[in-house]
Asks: 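Quick one: this structure, given as structure tokens, is what I'll be asking you about.
From a predicted model like this one, the values you see are computed outputs, not experimental measurements. In the text below, chain A, chain B and the rest are named by the order of the sequence lines, each starting its count at 1.
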2 protein chains.
Amino acid sequence: MNSGTERNTEEKILKAARQVFTEKGMAGARMQEIADKAGINKAMLHYYFRSKEKLFDRVFKEAFGLFWPRVDQYLQTTTDLKTLLKAIVTSYIDVLIDQPFLPIFILNELHRNPDHLKRLFFETGVDPTQLLEIIKGEMAAGNIVEMDPRELLVNILSLSLFPFAARPLVSRILWDNDQESYVAFLKERKNTVYEFIVRAVFVSSAC
Amino acid sequence: MNSGTERNTEEKILKAARQVFTEKGMAGARMQEIADKAGINKAMLHYYFRSKEKLFDRVFKEAFGLFWPRVDQYLQTTTDLKTLLKAIVTSYIDVLIDQPFLPIFILNELHRNPDHLKRLFFETGVDPTQLLEIIKGEMAAGNIVEMDPRELLVNILSLSLFPFAARPLVSRILWDNDQESYVAFLKERKNTVYEFIVRAVFVSSAC
DNA sequence: GTCTATAAAAGGATAGAC
DNA sequence: GTCTATCCTTTTATAGAC
């Protein structure tokens with residue numbers, strides 16, 4: 001048999017790999033750095049994962065799962081668009097405050113190698129149609145303004161994700177590099193983004 | 001003297017370097033590929049720019065200049081917030097349709113090496129205060145809803161830039177990988193983003 | 001200024017002992 | 001399973017002829 005530490009070592013490698021790959025990207029990451037962070041040597045990385053690419057794929061697929069919102073879950077509970085909107089925005093911001101490198105990492109790697117998407121498509125079952133149908137329904141009922149439903153979805157993603165992707169730029173220029181208050185700003189966005197979108201698309205009944 | 005082609009060669013190198021660096025990033029770019037694209041050999045790259053890093057810095061700084069909106073220009077012409085908003089969104093989308101790799105490139109490199117910003121700060125004179133003051137003014141006058149002025153600026157940037165940064169993801173999942181109609185969508189955003197923001201922040205006087 | 005050839009270093013991967 | 005030592009390829013950078 002074995003010494004019984006293999007799960008432990010594998011987990012240590014994955015933890016280190018997540019850190020290094022998400023910070024440096026595939027091209028910038030070094031196997032040596034991953035080994036050092038995991039407290040082992042390079043040979044072990046290959047013993048467990050055969051190649052840099054295979055290790056990367058494992059990390060990337062996992063990250064993508066976190067990144068694409070699991071809207072399906074919320075759809076079990078409710079079909080009210082405002083409630084869904086609040087849930088999506090909140091869940092995104094909560095995840096990304098813990099994993100700030102996720103957006104740039106995912107977007108960057110998809111940029112360099114769009115074929116990743118083909119594989120991920122089948123494996124993670126991404127499907128926005130249900131959400132788009134709900135949006136269409138609200139539109140037909142006259143509750144929200146006329147627009148391409150996909151456009152609304154893109155705007156939700158934009159407002160939720162961009163401030164994380166652009167964090168080094170925005171936090172320095174607009175928040176004077178004060179990370180604490182920038183995180184506070186990001187947390188407040190659970191409400192402010194929600195309200196911003198509601199004002200932009202829901203037809204006011206106050207008149 | 002020299003053979004008189006040096007400006008020409010330098011420009012050929014820069015053109016190739018722009019292409020390769022913005023597509024692959026600093027870590028993924030190869031000097032060989034830049035040389036091939038420029039139709040010369042590697043030795044020439046070092047003759048003109050000494051090192052990969054120096055060549056990269058030159059390209060990056062130039063790209064950042066394009067990326068950060070030159071709001072100052074518009075501020076000469078008008079101080080009306082709606083007009084400014086329309087001008088900013090339009091100019092962004094026009095630039096990025098020509099240079100689709102710009103957002104990911106800039107955001108990615110700032111992520112990996114935030115110190116670039118320190119240098120760029122002094123050299124490009126980025127200063128959003130004037131625009132923020134205008135927003136505050138409109139708020140005090142009761143024309144737009146109460147919010148952190150920086151938040152509005154972040155939302156403008158988010159809605160303008162994100163669909164470019166996330167293009168491989170969004171165009172595949174929501175536009176079925178039809179690049180032509182995705183570009184059409186991006187162009188329409190000169191209007192739709194503007195209208196979206198106006199509905200979200202300007203206090204309606206229709207009641 | 002431009003080229004060929006080559007140095008020098010880095011980085012991914014493997015062999016083989018324990 | 002884990003380590004050390006080493007191979008082999010890639011890649012940046014320079015020397016030197018023209």
Asks: Just how far, in rounded Å, is P of D/dT14 from CD of B/Q32?
Replies: 16 Å
Asks: Looking at B/N41, does any N or O in its side chain come under 4.0 Å of the phosphate oxygens OP1/OP2 on C/dT4?
Replies: yes
Asks: State whether a side-chain donor-acceptor pair under 3.5 Å links B/T129 with B/D127.
Replies: yes
Asks: Could you give the CD1-to-P distance, from A/I34 to C/dG12, as a whole number of Å?
Replies: 8 Å
Asks: Looking at B/F64, B/F60, B/F105, which hits ring-ring contact (aromatic ring centres under 6.0 Å, His included) with B/H116?
Replies: B/F60
Asks: Taking NZ from B/K54 and P from D/dT12, how many angstroms apart are they, rounded to a whole number?
Replies: 16 Å
Asks: Return the value, rounded to whole Å, for the distance between atom NZ of A/K12 and atom C1' of D/dT2.
Replies: 11 Å
Asks: Of all the nucleotides listed (C/dG1, C/dT4, D/dC3), which has the minimum atom distance to the side chain of B/A43?
Replies: C/dT4
Asks: Select one nucleotide: of D/dA13, C/dG12, C/dC3, the one nearest the side-chain heavy atoms of A/K52.
Replies: C/dG12
Asks: By nearest atom, which of the nucleotides D/dG1, C/dC3, D/dA13 is closest to the A/Y48 side chain?
Replies: D/dG1
Asks: Do the side-chain N or O atoms of B/T9 get closer than 4.0 angstrom to the phosphate oxygens (OP1, OP2) of C/dT2?
Replies: yes
Asks: Checking all strands, does B/M31 fall into the base, sugar-phosphate, or nothing category for heavy-atom contacts under 4.0 angstrom?
Replies: sugar-phosphate
Asks: In terms of the nearest nucleotide of DNA chain C, which residue is placed more toward the 5' end: A/Y47 or A/R30?
Replies: A/R30
Asks: Could you verify whether a donor N or O on one side chain and an acceptor N or O on the other, from B/N177 and B/Q179, lie under 3.5 Å apart?
Replies: yes
Asks: Counting any heavy atom closer than 4.0 Å, what does A/A35 reach on the DNA or RNA strands: base, sugar-phosphate only, or nothing?
Replies: nothing
Asks: Could you tell me whether the side chains of A/Y74 and A/T83 share a donor-acceptor contact shorter than 3.5 Å?
Replies: no
Asks: With a 3.5 Å cut-off and heavy atoms only, can you find an N or O donor on one side and an acceptor on the other between the side chain of A/K42 and the base of C/dG12?
Replies: yes
Asks: Return no unless some side-chain N or O of A/H46 is found under 4.0 Å from OP1 or OP2 of C/dA13.
Replies: yes
Asks: Between C1' on D/dT11 and CD on B/E53, what's the gap in Å once rounded to a whole number?
Replies: 16 Å
Asks: Reckon A/A27 touches a base, only the sugar-phosphate, or nothing at all at heavy-atom distances under 4.0 Å?
Replies: nothing
Asks: Any cation-pi pair here, A/K86 with A/Y194, using under 6.0 Å and within 45°?
Replies: yes
Asks: CZ of A/F49 versus P of D/dT2: gap in Å, rounded?
Replies: 12 Å
